[in-house]
Amino acid sequence: MEKETFIFDRNLFQKADQVRKRFCKDEVHLRGIIEFSNHCCRNCLYCGLRRDNKNITRYRMEPGEIAGLAVKIVAKGVNTIVLQSGDDFYYTQKSLGRIIGEIKQRTGAAITLSIGERPLDDYRAFRDSGADRYLLKHETSNPALYRILHPGQALKQRLKILEYLKKIGFQIGSGNIVGLPNQGIKDLVRDVLFLKELDVDMAGIGPFIPQKDTPLAAQPPGDLDLTLRILAMARILTKNAHLPATTALASLDRKNGQLRALRSGANVIMPDFTPVGYRKDYRIYDNKIGLSLRKAKEIISKAKRTISRGRGDSLKKRP
Ligand code: SAH
């Protein structure tokens, strides 16, 4: 079947759900996310953290605060900590390495970094400090569109980093945004094929949501059904990659967005543990919800699935 026709298959969600059940079972993995800084040196057109956005209160969490919070999260039974931020070089190779080391030592939990592009040497140091996974979405596999949306950055560099991360032993995650201006169905199909080719351990797929203080403020958001279809296709093609029911999906449909994602191939959910005082300023897009652990568990139980008690490491067999 033509790949583009495949996307609009009537039974796509059902098929994705079957593939999910076969390869990932009924467990849903919880990942506790700490958005520890909203400073960013990049200028991505869609993102509210972009450096040219002056209409934002910037914050940084102190190392002790980050590690202390991680300990509390693990005490609640969440065995993966995701550290996410803008591309913020205030945190050096050394200081971030120390934070990672402390979390590792005090909790033993899996640590995922989602902190953007850094010198390759930093990644090696973070890995040595105890980071297990790295999330770096390719955002769009269309190089021309990528260039427009990310001034001064190139898709090629993103890919080079992903390959490097894999080589030095990280479990890697990538992913894309659905519904970017001037993005076509072909681009989206290529996004999913890219995830398959790169053989990612995990992938975040979410809709574009406009943010009022960005150049894309007036653009329409991505379509919910289309985003779920791309997610479903990613499940069918990647088979056992970890795929989160992203928070951005909940922004389009608060009541059912993430539940529908769990039924369309997703097997991960990421409750937000960013301290409430900072949360409102981590505004990558408008109306971002802060998913509580309680709510995440509710969604899992509504989907009639179980909560994983383990670390939820990659299901891929690596040599
Ligand atoms: N600085 C890190 C983390 C970025 S924020 C990095 O570059 O990897 C995490 C993700 O939020 C991004 O990868 C992007 O896919 C998503 N994002 C940012 N702005 C968005 C928007 N307006 N709509 C949807 N997703 C957005």
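Read the numbers this way: they start at 1 and go in the same order the structure lists the ligands and their atoms. Quick caveat: nothing in here was measured; it's all calculated off a predicted structure.
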Original post:
Do the side chain of Arg133 and the main chain of Ser314 share a donor and acceptor less than 3.5 angstrom apart?
Top reply: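 Checking the backbone N and O of Ser314 against the side chain of Arg133, no donor-acceptor pair under 3.5 Å is found.
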
Original post:
Quick one: does ligand 1 sit under 4.0 Å from the side chain of Ala248, the backbone, both or neither, non-hydrogen atoms only?
Top reply: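 Neither; nothing of Ala248 gets under 4.0 Å from ligand 1.
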
Original post:
Tell me: protein heavy atom nearest atom 11 (O) of ligand 1, and distance?
Top reply: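 I find the closest protein heavy atom is Ile284 CD1, 3.6 Å.
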
Subject >> atom 12 (C) of ligand 1: the protein heavy-atom neighbour that sits closest, reported with distance to 0.1 Å >> reply: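 Checking every protein heavy atom, the shortest distance to atom 12 (C) of ligand 1 gives Glu139 OE2, 3.4 Å.
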
Going by the atom numbers of ligand 1, which of them fall below 4.0 Å from some non-hydrogen atom of [X]?
X	answer
Gly116	2 (C), 6 (C), 7 (O), 8 (O)
Lys137	13 (O), 15 (O)
Pro207	23 (N), 24 (C)
Asp87	1 (N), 2 (C), 6 (C), 7 (O)

Check whether any heavy atom of [X] sits under 4.0 Å from an atom of ligand 1.
X	value
Gly204	no
Gln211	no
Gln153	no
Gly86	yes
Ser85	yes

**OP:** Determine whether Thr227 and Leu249 make a side-chain contact, defined as any pair of heavy atoms from C-beta on separated by less than 4.5 Å.
**Re:**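 Heavy-atom side-chain distance check passes, below 4.5 Å.
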
Subject >> Residue pair Leu228 / Phe13, side-chain heavy-atom distance below 4.5 Å >> reply: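 A side-chain contact exists here, since the closest heavy-atom pair is under 4.5 Å.
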
**OP:** Please collect all salt bridge (Lys or Arg N to Asp or Glu O under 4.0 Å) contacts where either partner lies in residues 233-254, sequence neighbours excluded, each pair once.
**Re:**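 Qualifying pairs, neighbours excluded: none.
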
**OP:** Please collect all salt bridge (Lys or Arg N to Asp or Glu O under 4.0 Å) contacts where either partner lies in residues 36-49, sequence neighbours excluded, each pair once.
**Re:**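 For residues 36-49, and leaving out neighbouring residues, the salt bridge (Lys or Arg N to Asp or Glu O under 4.0 Å) pairs sorted by first residue read Arg42-Asp87.
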
**OP:** Tell me, with the steps shown, if Ile103 and Arg106 meet side-chain contact (heavy atoms from CB on, under 4.5 Å).
**Re:** CA-CA 5 Å; Ile103 296 178; Arg106 290 175 65 184; over 6 Å; no

Are any of the N or O atoms of [X] closer than 3.5 Å to those of ligand 1?
X	result
Tyr46	yes
Tyr282	no
Ile209	yes

Original post:
What about His39 and Tyr91, are their ring centers closer than 6.0 Å?
Top reply: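 No - the distance between ring centres of His39 and Tyr91 does not fall below the 6.0 Å cut-off.
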
Subject >> Ring centres under 6.0 angstrom apart (Tyr46, Phe208) >> reply: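 No, they do not, as the ring centres are separated by 6.0 Å or more.
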
**OP:** Can you spot which of Leu226, Asp223, Leu224 makes a side chain to side chain contact (heavy atoms under 4.5 Å, CB included) with Val178?
**Re:**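 Option passing the side chain to side chain contact (heavy atoms under 4.5 Å, CB included) with Val178: Leu226.
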
Subject >> Shortest heavy-atom approach to atom 25 (N) of ligand 1 - which of Ile177, Thr140, Thr246 >> reply: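 Nearest heavy atom to atom 25 (N) of ligand 1 lies in Ile177.
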
Subject >> Closest to atom 9 (C) of ligand 1 among His138, Arg158, Gln84, Arg42 (heavy-atom distance) >> reply: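 Heavy atom nearest to atom 9 (C) of ligand 1 belongs to Gln84.
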
Subject >> Six-ring centre of Phe170, Arg127 cation under 6.0 angstrom, axis tolerance 45° >> reply: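 Because its charged atom sits under 6.0 Å from the ring centre and within 45° of the axis, Arg127 does stack over Phe170.
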
Original post:
Where does the angle between the aromatic ring planes of Tyr278 and Tyr59 fall among parallel (under 30°), tilted (30 to 60°) and perpendicular (over 60°)?
Top reply: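 Geometry flag for Tyr59 against Tyr278: parallel rings.
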
